[in-house]
Amino acid sequence: MSLAGSEIRRAKLRFGLLTGAVALLVFLVLLLSTLSGALVGALIGALQGLRADGIVYADFARDNIAASRLDPGSAEAVAAVPGVAAASAVGTFTTAAQIEGASADVQIFGFVPGAPGAPSGLSSGRLPESPGEVAVDGAGQIGDTITLDPAGTELTIVGLLRGAQFNALPTLYTPLETYDEAAAATNPGLPFVPVNAVAFDVADGADAEAVAQAITDAVPGVKGYTLDTAVALIPGIESITQSFGILVGLTFVIGIVVIGFFFLILTVQKLKPFTLLRAIGTSTGRLAATVAIQITIVVLVASAIALALTLLAVQGLNTGIPVNLDPGLIGGTIVAVWIFSLIAGLLSIRRIARIDPASAVGAR
Amino acid sequence: MNDPVVDATSSTPDGPGPSPSQDAAGHPGALLRVENVSKVYGSGHTAVTALDDATMSVDQGEFVALLGPSGSGKTTLISIIGGLLSASSGSVHIGNVDVTTLGGKERTKFRAERVGFVFQSANLVPFLTARENLLYVATLVKTPKKAASQRADQLLEELGLAGRAKNLPEQLSGGERQRVAIGRALMNDPDLVLVDEPTAALDTALGRQVVQLLRREIKDRGKTGIMVTHDLRMVEYTDRVFEILDGHLTHVESPSALGH
Ligand SMILES: Nc1ncnc2c1ncn2[C@@H]1O[C@H](COP(=O)(O)OP(=O)(O)OP(=O)(O)O)[C@@H](O)[C@H]1O
Ligand SMILES: [Mg+2]
């Protein structure tokens, strides 16, 4: 016979309200972390998901891919550095496009199929292989045609990507030749189309950090980065992730403290029966376990409700950026709420440990 | 004060049944032996001596009363006997266990296994039904489920509560609640049943009924019982009477000697 379950059954309203409050707090944490993840993903997902060990910018670019311009021949110079297994050019710019009859801004990336710099996150279809093909995140369906303005380049969607956006714009990935055509038509009169970056893979066993440094040293006018460093250095990203981190963290901490206090209140309300239970021979450990079991039940039920609310919110809210639930993030958040709630429950357990069973006797 | 000297030659063999001529200091075979127990609450200036050199013994199968005015130390004494409170000095033996030397965990176990308490008020766990209040204590000593169910049902039946088994304490009358508490106290087949003013919240007729029931359950099962009461009329259901005045415990030879 379980004390924890019996009490919940006999105090449905109290535990129902508590579960509702905890569910709202968990919902807030889940929604905030999902949205911040989505926003950061939409801003820099393209770089995060780039299939490469490292990337090279022009040394004047101040760590910013959009400000970087490289001679298309730089890829060969990078490839020649010892420790580099393969290197190829990556280009990107923002342009207008006609998608499904409407005009929109898009970010376009040019890459060499099968070489470093290809996107990841394919959710359906395939990556483009031949000129005129494109994989997209955030615009159209497979088989649709996208027309770039003012270049007039027509692209056929062959694959859909997820988490591959840049600057929170619909993002297109097309073979470098098609990219060059579009770029030349967008900027008439250029003697050649520059690329923005060179993506590289390192040889087996080589250290990406060391190779990036070797590239900086060996190739004039460029700076090499590991992919992680390049992502971390994207201007503004650090402050965005930090701000969201503070927001999510604070919500989380407040939520945990509130849950801890809720259970402390419930425990203090139950001191009389708990004292009686101690007097008739219940160990402190068993009472503590009762509280822990109740916290677990409340947090799990509340998490299920919060998850449902988050799903509804993600579908119902129009955020303008692709929002996907990350099972790892959600699972991690729920486990963290659970563990920290148990820790907050120590407040109650400390109170239980201080119960003097002798005070159950008499009318005292 | 009673003579604390143990006179082994005059002692009768152990066994159920009253032995009113027995000296309060008892004999080595008594189930309960309280020896020179004192209890001082607080210290220094504010120290209160609640119990002063109390000595008593109770045989297996006896049902004794503990009388005394308010604040005389009755609750203090049965709390020490039942392992709820530690004594300042002296020893309490139940069988061959010295309760005063048990550690915290052992005392908790001792209370679950060997003592049945009926408290004056707030006796039952409010979120458990009458039957669950009985079944719960069985889980403290790991009684098999089936045996516990049978025993709980039998006790509830004997206490006239078969029809109230599924009620929560708040749905029971005061007398019914005290009867459930008696059932709870007997559930784990304890050696000792300690009862603190079971009738305080009841009217006389109901009080008599509850005490009669208590006596019957204790006697039928060969248990040893101590009942704290301020009500002289309840004394007739007990085998012997002890009285406390200002922390001094005395054995009352015959109830008619209770002048006060
Ligand atoms: N925790 C405590 N701290 C200090 N003094 C206490 C404490 N508990 C009891 N006392 C004192 O010890 C004395 C005996 O108390 P006890 O509760 O044993 O009396 P009692 O005989 O049970 O009285 P009543 O019939 O009113 O229940 C009283 O003077 C009381 O004030
Ligand atoms: Mg008392």
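Bear in mind that the values here come from a model prediction, so they are computed numbers and not experimental data. Below, read A as the first sequence line, B as the second, and so on, with proteins coming before strands; counting in each chain starts at 1.
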For A:Gly281 against B:Ala112, the heavy-atom pair lying closest together: O-CB, 3.7 Å

Pairwise side-chain contact, [X] with [Y], heavy-atom cut-off 4.5 Å (strictly under):
| X | Y | answer |
| --- | --- | --- |
| B:Val125 | A:Phe274 | no |
| A:Glu7 | B:Leu128 | no |
| B:Met187 | A:Ile280 | no |

First locate atom CG of A:Asp356, then atom CG of B:Leu84, and finally report the distance between them rounded to the nearest 0.5 Å. 8.5 Å

Hey, is [atom1] on [X] packed in by over 12 heavy atoms from elsewhere, all under 6.0 Å?
| X | atom1 | value |
| --- | --- | --- |
| A:Arg351 | CZ | yes |
| A:Phe15 | CZ | yes |
| B:Asp246 | CG | no |
| A:Gln269 | CD | yes |

Tell me which of these, [options], has more heavy-atom pairs under 4.5 Å with chain A than the rest.
| options | result |
| --- | --- |
| B:Val141, B:Leu140, B:Leu85 | B:Leu140 |
| B:Lys109, B:Lys105, B:Arg184 | B:Arg184 |
| B:Ile80, B:Val115, B:Val137, B:Thr108 | B:Thr108 |

Assess the residue pair A:Ile8 and B:Phe127 against the criterion (side-chain contact (heavy atoms from CB on, under 4.5 Å)); give the C-alpha distance rounded to whole Å, side-chain angles, the decisive distance to 0.1 Å, and a yes or no. CA-CA 9 Å; A:Ile8 291 179; B:Phe127 49 82; over 6 Å; no

Measure A:Leu277 against the heavy atoms of chain B and call it side chain, backbone, both or neither at under 4.5 Å. side chain

B:Glu132/A:Arg10 ion pair, N-O < 4.0 Å: yes

Would the distance check show the side chain of B:Arg111 and the main-chain N or O of A:Ala279 forming a donor-acceptor pair, the cut-off being under 3.5 Å? yes

Which portion of B:Arg107 sits near chain A, non-hydrogen atoms under 4.5 angstrom: neither

Turns out that what part of B:Leu168 lies under 4.5 Å from chain A's heavy atoms comes down to side chain

Please report the C-alpha distance between A:Thr282 and B:Tyr136 in whole Å, then the side-chain angles of each, then the deciding distance to 0.1 Å, and finally whether the side-chain hydrogen bond (donor to acceptor under 3.5 Å, both in side chains) criterion is met. CA-CA 10 Å; A:Thr282 307; B:Tyr136 174 75; 2.8 Å; yes

